[in-house]
Amino acid sequence: MLSVRHQIFIQVALHLSFSKASEILFISQPAVSKHIKNLEYEYKMALFERKGTQISLTSAGELLLKNLLKAKELQENLAFEMSALQNEAEADGKLRLGASTTVALYVLPKILSAFHRAYPNIEISLMNRNSNNILKALINRDIDLGIIEGNKSYSEVEYLPFLVDEIIPVCSSFSPWKDQSPLPIEKLKEIPIVLREYGSGTLATLTQSLLNHSIRITDLNVKVRLGGTEALKNFLLQDTGLGFLPKRSVKRELEAKELYKVEIEGLKMERDFSFIQRQGEDNNKLRTIFRRFAEQNV
């Protein structure tokens, strides 16, 4: 079992902040500092290099962190597997998930509700960010398992296929573009366009799809950029512009005829969603159970 000092060290080392560790662990900052000082005395070497208010890990600190994270992973996995031996459905465990907006808002709620009924003692937390930030959170060990679209360029991350999603052009019921469908793809250079923020998987899919037709994002008449699917959708409900959103995110609005799908000649936008986990961590039973459950209940 990891000692209290080791658990405190992990938080300070991951965030390179005594104050942040204090907030996360709900103990005072002086107490955090004292535990780190005692740990350095125990190992007889400095674990952090201090420069004013900034700290960084020494080589000894990096070595300790690397091994403690492995130990923490083994400890959590062992705790789940031991309790699962008695009754898997009643096993105790923690699962920190991260998902890009589309999955977090329109796919996971149903899955998480069903999973909680099947495994009531698993404590689940969910981070909702764009794909780039979910990748960073996984690498920084802020989450255990992520679901993102697009980018598969990180060698330290393992990508496991999950589902396929479609991006569609939509406009409001009072937009002039509603009655001009299908539109020539070159018309996109003239129409007022509303886009997601940089780092969004939706934007990345749109960018690549347009490039297949020799059109760049910078060629578009971009009216505004908004962070988040819901923000973009709510803007379009009150505006005459054209936006690109996951089909899953506008299902209700399309059925209610508050938004309309606009056909663009030759433009088809699909993206693959994948589970992501850190390389070398594919033996975690709880994460495997969740992945398989999600695939069966999507």
Side-chain angles (χ1 to χ4, degrees), residues 99-110 128-135 147-152 162-274 298:
S100 54
T101 305
T102 299
V103 174
L105 294 182
Y106 312 109
V107 178
L108 280 182
K110 174 187 172 184
N128 172 14
R129 300 286 189 276
N130 69 32
S131 293
N132 281 357
N133 286 328
I134 293 301
L135 267 168
I147 306 174
I148 65 166
E149 65 266 39
N151 199 328
K152 295 184 179 181
F162 179 36
L163 60 84
V164 178
D165 188 45
E166 182 183 4
I167 306 296
I168 61 172
V170 294
C171 67
S172 67
S173 58
F174 54 88
S175 171
W177 314 114
K178 172 175 71 76
D179 301 316
Q180 297 187 39
S181 181
L183 289 169
I185 195 166
E186 289 293 322
K187 193 74 174 176
L188 291 177
K189 297 179 181 179
E190 305 171 19
I191 297 173
I193 299 292
V194 184
L195 295 179
R196 283 284 306 274
E197 80 284 6
Y198 292 107
S200 157
T202 299
L203 179 63
T205 300
L206 172 63
T207 300
Q208 185 56 56
S209 298
L210 290 176
L211 283 175
N212 293 338
H213 296 272
S214 300
I215 297 176
R216 297 170 299 176
I217 286 291
T218 52
D219 295 331
L220 303 182
N221 177 23
V222 180
K223 184 175 183 179
V224 66
R225 288 180 182 270
L226 293 167
T229 298
E230 286 296 303
L232 196 154
K233 178 171 69 175
N234 289 330
F235 182 89
L236 287 173
L237 285 168
Q238 306 298 324
D239 192 72
T240 58
L242 183 72
F244 300 86
L245 287 166
K247 188 175 182 180
R248 296 171 186 269
S249 72
V250 292
K251 180 181 178 183
R252 293 179 182 176
E253 288 77 12
L254 291 173
E255 291 174 350
K257 298 188 182 303
E258 296 173 338
L259 289 176
Y260 285 78
K261 179 181 179 181
V262 179
E263 297 291 344
I264 309 292
E265 292 178 353
L267 186 63
K268 185 173 179 62
M269 296 172 287
E270 290 185 340
R271 62 209 180 145
D272 297 322
F273 281 92
S274 301
V298 68

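Atoms considered below: every heavy atom in the structure, side chains included; atoms not considered: hydrogens, waters and symmetry mates.
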With respect to Phe273, which candidate in Ile148, Leu163, Val164 satisfies the side-chain contact (heavy atoms from CB on, under 4.5 Å) definition? Leu163

Checking side-chain contact (heavy atoms from CB on, under 4.5 Å) between Lys223 and each of Asp239, Ile191, Leu242, which is the one that passes? Asp239

Is there a side-chain contact between [X] and [Y] (heavy atoms, below 4.5 Å)?
X: Ser173; Y: Glu258; value: no
X: Lys251; Y: Glu255; value: yes
X: Leu210; Y: Leu220; value: yes
X: Leu206; Y: Ile167; value: no
X: Ser209; Y: Leu267; value: yes
X: Tyr106; Y: Thr229; value: yes
X: Asn221; Y: Pro192; value: yes
X: Val250; Y: Leu236; value: no

Do you know the tightest heavy-atom contact between [X] and [Y]?
X: Ser200; Y: Thr202; value: OG-N, 3.1 Å
X: Cys171; Y: Gly241; value: CB-O, 3.6 Å
X: Glu197; Y: Leu203; value: O-CD2, 3.5 Å
X: Leu188; Y: Ile193; value: O-CG1, 4.0 Å
X: Leu226; Y: Phe235; value: CD1-CB, 3.4 Å
X: Leu232; Y: Arg196; value: CD1-N, 3.6 Å

For the pair [X] (side chain) and [Y] (backbone), establish whether a donor and an acceptor sit closer than 3.5 Å, ignoring hydrogens and angles.
X: Asn133; Y: Asn130; value: no
X: Ser100; Y: Thr102; value: no
X: Thr101; Y: Gly228; value: no
X: Ser175; Y: Thr240; value: yes
X: Asp165; Y: Arg271; value: no
X: His213; Y: Gly266; value: yes

Interatomic distance, [X] atom [atom1] to [Y] atom [atom2] [nearest 0.5 angstrom]:
X: Ile264; Y: Ile185; atom1: CD1; atom2: CD1; result: 7.5 Å
X: Leu259; Y: Lys178; atom1: CG; atom2: NZ; result: 11.5 Å
X: Asn212; Y: Thr207; atom1: CG; atom2: OG1; result: 11.0 Å
X: Glu149; Y: Ile147; atom1: CD; atom2: CD1; result: 10.5 Å
X: Asp219; Y: Glu186; atom1: CG; atom2: CD; result: 8.5 Å
X: Arg248; Y: Glu166; atom1: CZ; atom2: CD; result: 10.0 Å

Could you walk me through whether Glu230 and Lys233 satisfy the salt bridge (charged side-chain N to carboxylate O under 4.0 Å, His left out) test, starting with their C-alpha distance in whole Å, then the side-chain angles of each, then the deciding distance to 0.1 Å, before giving a yes or no? CA-CA 5 Å; Glu230 286 296 303; Lys233 178 171 69 175; 3.0 Å; yes

Mark yes when over 12 heavy atoms from residues, nucleotides or ligands other than Lys189 sit less than 6.0 Å from its NZ; otherwise mark no. yes

Check this for me: Lys247, atom NZ, are more than 12 non-hydrogen atoms of other residues, nucleotides or ligands nearer than 6.0 Å? no

Does the pair Gln238 and Asn234 meet the rule for a side-chain hydrogen bond (donor to acceptor under 3.5 Å, both in side chains), with working shown? CA-CA 7 Å; Gln238 306 298 324; Asn234 289 330; over 6 Å; no

